[in-house]
Amino acid sequence: MTRYARHLQDVTINNPFPGLPRLEALIGRKIVSRIGSNESMAIEQHTVSRLWGDALYELARLYPDPYATAVRERAATLNGVTAANVVVDAGADSLIALFLRTRVSPGDVVVCTAGSYPTFRYFAEGVGARIVEVPYAETEGVLHNDLPALARAAREHDAALLYLANPDNPTGTFHRADAIDTLQSQLPADCLLLLDEAYIDFCAEGERQGVLPNTARLRTLSKAHGLAGLRVGYAIAPEEWIAKADQIRTQFAVSSVAQAAATAALNDPDCSARLIADTLQLRDQLASALLQRGLQILPSHTNFVAIVYPDAATALAKQKTLLSQGVAVHRPPHPSMQHVLRVTAHPDALQATVLAALCQA
Ligand SMILES: Cc1ncc(COP(=O)(O)O)c(C=O)c1O
């Protein structure tokens, strides 16, 4: 039996506002007059309409579909699953929080890599989890998630959930499908593998269809679809988990604008293909420029490059120099990763002043 957070184990929570698309499906006809939702009437010359046009105003004025049906269906088709295997929320971040809330009770152990994507830890603290961190492994100078050690920690602590970003942030490194399958097979039977694939679209070898056993795969529209400000992501998971997650999800968190844009973006693969190709080209240019200047970088499968400095003080000094020029690069907050700077593959990163500041002694 699936292990849910204790207070959710044997209950079904009903959404009081399942939305008009569900009502239409129930009664078998279109709703032509929505006078039950307490939305505002349309007015002439609304500020949003003047600034961004009537189409955006109309989306902004009305409550969204709480189940983001169009996004679910499109995401399902793209990933070779059914819509019942997909849940949409306000970005991969919200999905991390959602699966933690669904599966973890206060005091339960969650396992992650020390210094990996810190939002996981932030949300895990928020549900009262006990967090067990496993250090990165280092192979020939390359930091990567230590999959056998993560599995060991999950077994040793009977973890409710193991979080893995693949490709990883901030290292940018990636584990292939067979390694992920081995990791999953080594976890306790009721431990959820929360597999954060925010960067998978940048990683040709990452392409993989379907639902993975005991795993929730997280995807985002923020990276390869260029919609970070709109906040849309989705998870692919076993149907039963999706149904449970839907019971506690903030049902209107993904706005009508975000849903419309996400559906359009998922329907336009050429657009994301161009964005990915341009990003990869910039990333390779950035990596070469940094290598030429004698910096140590990690092999990236993402839209950023991680630079490894000899120590935290050096990385901090570079970051401060750049900040004094109004340039923000990221230094991971975790004590074990403060010697790293993470630079996004963006034309600004290739400016001579930025490259100079990153490598000056
Ligand atoms: C590993 C990882 N997961 C999730 C996210 C957040 O994605 P979203 O914008 O969909 O919340 C990021 C953003 O940087 C990330 O690096």
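Ligands are counted one by one from 1 in listed order, and the atoms in each one are counted from 1 as well.
A centroid separation of 6.0 Å or more is found between the aromatic rings of Tyr63 and Phe17. In this structure, Tyr309 has its ring center at least 6.0 angstrom away from the ring center of His339.
Looking at atom 14 (O) of ligand 1, its nearest protein heavy atom turns out to be Lys223 NZ, 2.7 Å. Taking atom 2 (C) of ligand 1 as the reference point, the nearest protein heavy-atom neighbour is Asp196 OD2, 3.4 Å. Of the protein's heavy atoms, Arg231 NH2, 2.6 Å lies nearest to atom 11 (O) of ligand 1. Nearest non-hydrogen protein atom to atom 7 (O) of ligand 1 is Ala92 CB, 3.7 Å. Distance from atom 9 (O) of ligand 1 to its nearest protein heavy atom, with residue and atom name: Ser222 OG, 2.6 Å. The closest protein non-hydrogen atom to atom 5 (C) of ligand 1 is Tyr117 OH, 3.2 Å. Thr220 OG1, 2.5 Å is the protein heavy atom nearest to atom 10 (O) of ligand 1.
Using modelled atom types and a 3.5 Å distance limit, the side chains of Asp168 and Tyr136 yield a donor-acceptor pair.
Shown in contact with Ala198 at under 4.0 Å from a heavy atom are these atoms of ligand 1, numbered in order with element: 2 (C), 3 (N), 4 (C). Close contacts of ligand 1 with Tyr199, meaning ligand atoms under 4.0 Å from a residue heavy atom, involve 1 (C), 13 (C), 14 (O), 15 (C), 16 (O).
Salt-bridge check for Arg208 with Glu197: failed, with every basic side-chain N at 4.0 Å or more from each acidic carboxylate O. Salt bridge present: Arg219 and Asp201 bring a charged side-chain N and a carboxylate O closer than 4.0 Å. For the pair Arg3 and Asp158, the salt-bridge criterion is met [side-chain N within less than 4.0 Å of a carboxylate O]. Salt bridge Glu39/Arg34: present, at least one basic N to carboxylate O contact under 4.0 Å.
Of the polar atoms of Tyr163, none of the N or O atoms is found under 3.5 Å from an N or O of ligand 1, judged by distance alone. Checked by distance only, ligand 1 and Ser94 stay at 3.5 Å or farther apart across all their nitrogen or oxygen atoms.
At a heavy-atom cutoff of 4.0 Å, ligand 1 is contacted by both the backbone and the side chain of Asp93.
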Go through the steps to decide whether Leu162 and Leu192 satisfy the test side chain to side chain contact (heavy atoms under 4.5 Å, CB included), and finish with yes or no.
-> CA-CA 6 Å; Leu162 186 149; Leu192 158 64; over 6 Å; no
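A tilted orientation is assigned to the rings of Phe174 and His301, their planes being inclined by 30° to 60°.
Using a 4.0 Å heavy-atom cutoff, Gly233 is absent from the residues neighbouring ligand 1.
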